[in-house]
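Here the structure is laid out as structure tokens; the discussion comes afterwards.
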Amino acid sequence: MAKTSNINLLHWWQRGVIYQIYPRSFKDTTGNGVGNLEGIIAKLDYLNDDTPNSLGINAIWISPFYPSPMADFGYDVANYCDVDPLFGNLDIFDRLLTQAHRRGIKVIIDYVPNHTSDQHPWFQESRRSRSSPKRNWYIWRDRNPDGSLPNNWGSPFGGPAWTWDEQTRQYYFHHFLKEQPELNWREPAVRSAMFDALHFWLKRGVDGIRIDVVGMLIKDPDLLDNPPNPDADPNLPPNDIFGRQLHLYNEDQDEVQEIIRQFRWLLDQYGDRCAIGEIWYRLPRWIRYYGQNGDGLHMPFNFRLMNQPWEANAIRQSVDELEKALPSFAWPNYVLGSHDANRLASRIGPLQARVAAMLLLTLRGTPTLYYGDELGMENFAIPASRMRDPQGHRLGAARSRDGGRTPMQWDDSANAGFSTHEPWLPISPEHKTCNVACLSTEPTSILNLYRRLLWYRHSTPALQVGTYRPIDAGNNSCYVFARKHSNVSCIVALNFTNQTCSLSVPQGGNGKLVLSTYLDQEGPVSLSNLQLRSNEGIIVELNQ
Ligand code: NOJ
């Protein structure tokens, strides 16, 4: 299972740690209650000022900031080559790039090729008439002779994935909202226009792209009906058609691999840029997105740990399966939080959130950290009157993603230092104590734990490039593994329970405890008798 790399050969996206910024919620500098690009510039030093007082991340992925009617908060793009005035303009974006690069921070943008906004001029043209030159840029179909929809596909946001257009008397297809019509990637002119958009940003100097729902780009040519999913949760809301089907024909079609190779070929013309894809499929299907010879995505996002029960065995098994399945050219990565999920600290509890921090930052592969998780921010129950997420509006409050998208908590002032105005989503009262200013002054806070872990990772080749080896240490409540590079090993032991636990690492001997998630001790330890407190993770360094 050992896979080794030479640190000097690693790319920036392998060595570094990525930080996801949801721009609406990071920092507002205009006082309108919505975050913007200036706000990101203002906080770059927080992210990395080259000292251990900053977080120490190496790349930011910024969720969409394109002109958009914001039906899905930017994932409905009305122009791929500009910035929405709400977020700034191209000059500010260029300044953001320069300022980020000055601090050694790479910039990854969100690329949303699967669908546009219904306000995009391409769709406006396409819906004008059946003979529009852009008609085939989108997916239009007649109703069936019996009057029914073209097929049975559903939207992940609830309801059917087809909307009737009265003017041209055909349905158009949209996986997501009806305001997000799906582009037809079988149409060469669509490819060419979308590749132009990529060139536009790569020429400006962006370092990478995160490709939204890339597996959905190609649909079955005959748009065959999907079969029902026999394992579907019986408690799904009645309109969740998508959740009740097996997605055999609407996504993950073989032809999408060819488009990914084209993305990759395009990116490679610009040097060391990186393509990350949003891919949710099971392991064997997911792995294909690296390409057959590494000519696909640099990294399909690995959300697998987010879907596991938070237990030592389940997490270990998920990592081991991945490590075993990856071909040698494929670089692993791990994600524990995103703008589409409930907050990490709410899913697993605040105490385990510290263990999760250590896990994320010690596994082999690139970690992606969601803004605010470094503070242990929790989901905030948004009152129904303030719900903004279209998914929540359509599938019920329990499916709203708002609770994990609330503004970043910078200080304990009324709007958490995020804005001078009422923010677009309410701020949780937890911000009084859970904020950057306050946690920075507490030596053992979760924020300081993240900082310590990040900076330790940066200075420790074993964690950046070392091999991964799981260890049976005689206790199922803990997950123990070794990372090794040259003559240095790091033994990582994570206690997933609220009980103390004793471990015996078979190789025995003595090591140096360099970091505990409690941030309260260091020093020599015996590997044959490691004592972990409840909810504790430790890193023990060995020189062999
Ligand atoms: C995936 C994005 O992560 C999500 O936020 C968005 O709603 C859908 N794609 C539709 O673009």
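Atoms within each ligand, like the ligands themselves, are counted from 1 in listed order.
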TODO: Report yes or no: does M216 have a heavy atom closer than 4.0 Å to ligand 1?
DONE: no
TODO: With heavy atoms under 4.0 Å as the rule, classify the contact between Q391 and ligand 1 as side chain, backbone, both or neither.
DONE: neither
TODO: Taking the six-membered ring of W162 (Phe, Tyr or Trp), confirm whether the NZ or CZ of R141 is under 6.0 Å from its centre and within 45° of its axis.
DONE: no
Task: Proximal ligand 1 atoms for R405, defined as those under 4.0 Å from one of its heavy atoms - done: 5 (O)
TODO: Could you list which atoms of ligand 1 come closer than 4.0 Å to a heavy atom of H339?
DONE: 2 (C), 3 (O), 4 (C), 5 (O)
Task: Cation-pi check, R24 onto W424 ring (under 6.0 Å, within 45° of axis) - done: yes
Open item on the list: Check for me whether R273 meets the cation-pi criterion with W201, that is, NZ or CZ under 6.0 Å from the six-membered ring centre and within 45 degrees of the ring axis.
Closed with: no
Open item on the list: Show me which atoms of ligand 1 lie under 4.0 Å from any heavy atom of H115.
Closed with: 10 (C), 11 (O)
Task: Close-contact set for ligand 1 against R401 heavy atoms, below 4.0 Å - done: 4 (C), 5 (O), 6 (C), 7 (O)
TODO: Around atom 3 (O) of ligand 1, find the nearest protein heavy atom and jot down its residue, atom name and distance.
DONE: D340 OD2, 2.5 Å
Task: Donor on one side chain, acceptor on other, D142 and Q170, under 3.5 Å - done: yes
TODO: Give a yes/no on ligand 1: does F157 have at least one heavy atom closer than 4.0 angstrom to it?
DONE: yes
Open item on the list: Can a side-chain donor-acceptor contact be found between E374 and Y19 if the only test is distance below 3.5 angstrom?
Closed with: yes
Task: Contact atoms of ligand 1, heavy-atom distance to F176 under 4.0 Å - done: 8 (C), 10 (C)
- [ ] Before accepting this row, confirm whether a basic side-chain N of the pair E422/R386 lies closer than 4.0 Å to the acidic partner's carboxylate O.
- [x] yes
Task: Selected option - heavy-atom contact closest to atom 6 (C) of ligand 1, from D212, D72, V77 - done: D72
Task: Lys/Arg-Asp/Glu bridge criterion (N-O < 4.0 Å) met for E278, R210 - done: yes
